[in-house]
Amino acid sequence: NLTRKLLTLALIKDGQRVLLGYKKRGFGEGKWNMFGGKVEKGETPEYAAIREVKEESGLEVIGGVEQIGDLEFTFDGEDFLMHVLVFQARGFSGTPAESEEMRPQWYQIEDIPYSKMWKDDEFWYPIALRGGKFKGKFHFQGHEVILNHTLEEVEHF
Ligand code: 6U4
Ligand code: NA
Ligand code: NA
């Protein structure tokens, strides 16, 4: 029986570029990732996603977020499951600013540094980047090897 943790990720897309953050500390340290974190007590996942974007990138989400993904991550030999809801910001304002946790940088879609990211990202980013919605499960050995996974595109959640 796995302990479930609820987390968020937020896609910040502006035309053909996306904002990623280099994670300076914590879970996934040293990897480029979208912005996000744990959903805290009393928060909706949407509110948590917007809060994390502000805290980690300095950007203000405008017009709220829309859910685009539902992912579950498990790790061989570990007793927890990370349930990650992926959202897309409908709009945003401000200029990205480095935080304690993340160093933000815009990437053209064709330059996304998948080799320096979580291995699952290359599976679902392409769906997200063309406006699709998806559901998936990834089982890791350590933080670099996917032992098995499922991924499907969905119409809605
Ligand atoms: P603290 O340091 O407690 O404030 P917090 O920002 O709440 O942390 P954090 O950064 O530890 O949470 O959350 C982990 C982040 O990593 C979440 O946004 C989800 C994301 N994440 C976890 N596994 C991932 C994976 N396999 N692929 C991916 N993102 C993942 O793209
Ligand atoms: Na975080
Ligand atoms: Na955070």
Side-chain angles (χ1 to χ4, degrees), residues 2-13 17-61 65-89 92 94 96-107 109 111-130 132-153 157:
L2 303 175
T3 301
R4 294 174 69 92
K5 303 181 185 182
L6 185 61
L7 301 106
T8 65
L9 281 174
L11 172 61
I12 308 284
K13 187 164 175 271
R17 60 183 196 162
V18 289
L19 189 67
L20 298 179
Y22 179 81
K23 203 145 192 297
K24 295 155 66 175
R25 63 159 204 220
F27 195 80
E29 183 177 337
K31 290 180 162 71
W32 288 91
N33 212 18
M34 291 182 187
F35 304 94
K38 301 170 193 76
V39 177
E40 288 168 9
K41 234 187 207 97
E43 282 184 333
T44 62
E46 287 80 3
Y47 181 93
I50 293 167
R51 175 182 54 71
E52 292 279 355
V53 167
K54 178 66 183 169
E55 287 176 5
E56 297 183 349
S57 78
L59 296 183
E60 195 81 51
V61 171
V65 291
E66 178 186 11
Q67 189 180 356
I68 61 168
D70 183 309
L71 298 172
E72 288 185 358
F73 300 109
T74 48
F75 299 87
D76 222 48
E78 301 282 353
D79 62 357
F80 64 93
L81 178 155
M82 298 180 90
H83 184 198
V84 178
L85 301 183
V86 188
F87 295 95
Q88 179 162 5
F92 54 87
E98 184 164 350
S99 62
E100 296 270 293
E101 181 165 344
M102 291 281 231
R103 175 157 52 83
Q105 187 175 311
W106 289 106
Y107 281 96
I109 286 173
D111 297 331
I112 291 174
Y114 288 114
S115 67
K116 300 171 189 169
M117 296 164 65
W118 284 102
K119 291 287 185 288
D120 50 283
D121 293 0
E122 64 192 87
F123 292 91
W124 57 267
Y125 271 49
I127 302 175
L129 293 169
R130 61 175 159 72
K133 294 186 168 72
F134 51 92
K135 249 182 137 127
K137 297 184 186 194
F138 294 84
H139 185 61
F140 278 83
Q141 177 171 68
H143 284 191
E144 300 300 335
V145 175
I146 295 172
L147 291 178
N148 54 71
H149 81 277
T150 62
L151 182 66
E152 60 170 336
E153 203 163 341
F157 295 99

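What you see is a predicted model; the values in this text were computed from it and never measured. Both ligands and their constituent atoms are indexed starting at 1 by order of listing.
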Participant: Decide if atom CD of Glu152 counts as having more than 12 heavy atoms of other residues, nucleotides or ligands within a radius under 6.0 Å.
Facilitator: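 Yes - once you tally the heavy atoms of other residues, nucleotides and ligands closer than 6.0 Å, there are more than 12.
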Participant: Is any side-chain heavy atom of Trp124 less than 4.5 Å from a side-chain heavy atom of Leu71?
Facilitator: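 Result yes, sub-4.5 Å side-chain heavy-atom pair found.
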Participant: Donor-acceptor pair, Glu56 side chain versus Gly36 backbone, under 3.5 Å?
Facilitator: yes
Participant: Quick one: which ligand 1 atoms are inside 4.0 Å of a heavy atom on Glu52?
Facilitator: 6 (O), 7 (O)
Participant: Taking 3.0 Å as the upper limit, name the protein N, O or S atoms near the Na ion (ligand 3).
Facilitator: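 Correct list: Glu52 OE1, Glu56 OE2, Glu101 OE1.
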Participant: Taking N or O atoms only and a 3.5 Å limit, does Tyr125 qualify as a polar contact for ligand 1?
Facilitator: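 Min N/O separation from ligand 1 is not below 3.5 Å for Tyr125.
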Participant: Among all protein heavy atoms, pick the one closest to atom 31 (O) of ligand 1 and tell me residue, atom and distance.
Facilitator: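 Its nearest protein heavy-atom neighbour is Asp121 OD1, 2.6 Å.
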Participant: Are the side chains of Val53 and Phe87 in contact, using a 4.5 Å heavy-atom criterion?
Facilitator: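 Answer no - side chains too far apart.
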Participant: Show me which atoms of ligand 1 lie under 4.0 Å from any heavy atom of Glu56.
Facilitator: 6 (O)
Participant: Can you check whether Gly69's main-chain N or O pairs, donor with acceptor, with Gln67's side chain at less than 3.5 Å?
Facilitator: yes
Participant: Write out the residue and atom name of the closest protein heavy atom to atom 22 (C) of ligand 1, then the distance separating them to 0.1 Å.
Facilitator: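 Residue, atom and distance for the closest contact: Phe27 CE2, 3.8 Å.
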Participant: Contact between Ile127 and Ile68 at the side-chain level, heavy atoms closer than 4.5 Å - yes or no?
Facilitator: no
Participant: Out of all atoms in ligand 1, which are within 4.0 Å of some heavy atom of Leu7? Include the element for each.
Facilitator: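 In order of numbering, the contacting atoms are 13 (O), 14 (C), 17 (C).
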Participant: Provide the number and element of each atom of ligand 1 under 4.0 Å from a heavy atom of Glu101.
Facilitator: 6 (O), 10 (O)
Participant: Take atom NZ in Lys137; do more than 12 heavy atoms of anything else shown fall under 6.0 Å from it?
Facilitator: no
Participant: Mark yes when over 12 heavy atoms from residues, nucleotides or ligands other than Phe123 sit less than 6.0 Å from its CZ; otherwise mark no.
Facilitator: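 Count over threshold, so yes.
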Participant: Hey, is the main chain of Arg25 close enough, under 3.5 Å, to the side chain of Lys23 for a donor-acceptor pair?
Facilitator: yes
Participant: Would you say the side chains of His149 and Asp120 form a donor-acceptor pair under 3.5 Å?
Facilitator: no
Participant: For atom 20 (C) of ligand 1, grab the closest protein heavy atom and report residue, atom and distance to one decimal in Å.
Facilitator: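 That would be Asn33 ND2, 3.6 Å.
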Participant: Taking Lys24 as the fixed residue, which of Glu98, Glu29, Glu100 is the one that meets the salt bridge (Lys or Arg N to Asp or Glu O under 4.0 Å) rule?
Facilitator: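 The residue from Glu98, Glu29, Glu100 that satisfies salt bridge (Lys or Arg N to Asp or Glu O under 4.0 Å) with Lys24 turns out to be Glu98.
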Participant: Does any N/O atom on Gly37 come nearer than 3.5 Å to any N/O atom on ligand 1?
Facilitator: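 The answer is yes, given that Gly37 and ligand 1 share an N or O pair closer than 3.5 Å.
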Participant: Among Phe123, Phe140, Trp32, Trp118, which residue places a heavy atom closest to atom 25 (C) of ligand 1?
Facilitator: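 Looking at heavy atoms only, the winner is Trp118.
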Participant: I need the atoms of ligand 1 closer than 4.0 Å to a non-hydrogen atom of Trp124, numbered in the order shown.
Facilitator: 31 (O)
Participant: Quick test of your reading of the model: are Glu153 and Lys135 salt-bridged, counting only N-O distances below 4.0 Å?
Facilitator: no
Participant: What atoms of ligand 1 come closer than 4.0 angstrom to any heavy atom of Thr8?
Facilitator: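 Close to Thr8: 17 (C), 18 (O), 19 (C).
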Participant: Backbone, side chain, both or neither: what part of Lys23 comes under 4.0 angstrom of ligand 1, heavy atoms only?
Facilitator: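 Under 4.0 Å from ligand 1, Lys23 contributes side-chain atoms alone.
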Participant: May I have the step-by-step check of ring-ring contact (aromatic ring centres under 6.0 Å, His included) for Tyr114 and Trp32, ending in yes or no?
Facilitator: CA-CA 8 Å; Tyr114 288 114; Trp32 288 91; over 10 Å; no
Participant: Backbone or side chain, does any N or O of Asp120 fall under 3.5 Å from an N or O of ligand 1?
Facilitator: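 N/O-N/O distance below 3.5 Å exists for this pair.
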Participant: Can you tell which of Lys5, Met117, Glu55, Lys38 gets a heavy atom nearest to atom 7 (O) of ligand 1?
Facilitator: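 Heavy atom nearest to atom 7 (O) of ligand 1 belongs to Lys38.
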